[in-house]
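Data block below; observations after.
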Amino acid sequence: MIYQNLITEVKEHLLYITINREKSLNALNRSVLSELATVIDFAKHADEVRGVIITGAGEKAFVAGADIKEFADYDGKKGEELARDGQQKVFNAIENSPKPFIAAINGFALGGGLELAMACHIRIASENAKLGLPEVTLGLIPGYGGTQRLTQLVGKGRAIEMITTANMITAVQAEKFGLVNYVVAQTDLIGKAEEILNFVKQRAPLAVAAAIRAVIASVNEVDGYKVEVESFGKCFETSDFKEGVVAFLEKRKPQFVGK
Ligand code: HXC
């Protein structure tokens, strides 16, 4: 299968996915999301695939979030659809995959980018990585499961601090918080992911799938995801959201008024 925005390869039972929009810091536009949905489905059904490594092209970003340029004409309904559709076809599909996904975080993992990494089963970060959920700087909240998965991974206090301040944390802080499993040099990132999956490959595939299913079942609060989707959609009805997006595009600080 040929993709416009992804580079994919299956090698020694591992599927490698690189999100390839380096000039936009690998931001998730509709096309990337649709291609990710296809390749995630492929991974689920392909017997030759025993694990997946997902990373971003270049040395600067894993994924800098949803593509803000596509938000310009969004209203509440479209926003809610974007979040619900993305959660089901990409983010929940990864989390519910019977094969382990490892996010190899090679730089910025922001907004939808961190949400993508958090949907994966294991995260490894390179030393230069910066992680955060900056949606409130745009008058939005995370919409791809971030409010739920960040809370599960780092606890309520740290999640609320990260989401409401919108501040990024370093890879080392992320490791301390339990948000990433390991921090390694950028050149060792894929090697570390392979080292882990090479163990998984030797184990019983059905047991691996059952273990993932059981662990995920222990942490999922389905209602929380619904609240997130509805709240995300409502943000698009505010004038602060419009100001947030325009300010980003005009490369200036937003002036929020609370409406
Ligand atoms: C679209 C993006 C982008 C994004 C970066 N770019 N992030 N385009 N969507 N999320 C583009 C920039 O516009 C720019 O394009 C190019 O990538 C390089 O980025 P710069 O800003 O010039 O780089 P730098 O100054 O180094 O800053 C890096 C950065 C910054 C700190 C990562 O780009 C940034 O703050 N990006 C936005 C991060 C963000 O807010 N993400 C959350 C999005 S909302 P040009 O054409 O100018 O060269 C979200 C919601 C998810 O993710 C839920 C949905 C349901």
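As the structure lists them, so they are numbered: ligands from 1, and atoms in each ligand from 1.
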Give a table of atom pairs where an N or O of ligand 1 lies under 3.5 Å from a protein N or O.
residue, atom, partner, partner atom, Å
ligand 1, 9 (N), A66, O, 3.4
ligand 1, 9 (N), I68, N, 2.9
ligand 1, 10 (N), A64, O, 3.1
ligand 1, 10 (N), A66, O, 2.9
ligand 1, 13 (O), K69, NZ, 3.4
ligand 1, 17 (O), K23, O, 3.4
ligand 1, 23 (O), K60, NZ, 3.4
ligand 1, 26 (O), K60, NZ, 2.6
ligand 1, 41 (N), A64, O, 2.9
ligand 1, 47 (O), K251, NZ, 2.9
ligand 1, 52 (O), A66, N, 2.8
ligand 1, 52 (O), G112, N, 2.8

K242, NZ atom: more than 12 neighbouring heavy atoms under 6.0 Å: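 More than 12 within 6.0 Å, yes.
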Other residues, nucleotides, ligands: >12 heavy atoms within 6.0 Å of E161 CD: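 Open: at most 12 neighbouring heavy atoms sit under 6.0 Å from CD of E161.
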Non-neighbouring partners of A210 that pass side-chain contact (heavy atoms from CB on, under 4.5 Å), sequence neighbours left out: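 Only R213 meet the side-chain contact (heavy atoms from CB on, under 4.5 Å) criterion with A210.
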L153: side-chain contact (heavy atoms from CB on, under 4.5 Å) partners, not counting sequence neighbours: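 Only M118, R123, L179 meet the side-chain contact (heavy atoms from CB on, under 4.5 Å) criterion with L153.
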Close side-chain approach of F91 to L33, heavy-atom, < 4.5 Å: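 F91 reaches L33 side chain to side chain.
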Hydrophobic cluster partners of L197 (side-chain heavy atoms under 4.5 Å):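 Joined to L197, directly or through intermediates: L14, Y16, I53, I102, I122, I124, Y182, V184, L189, I190, I196, V200, V208, I212, I216.
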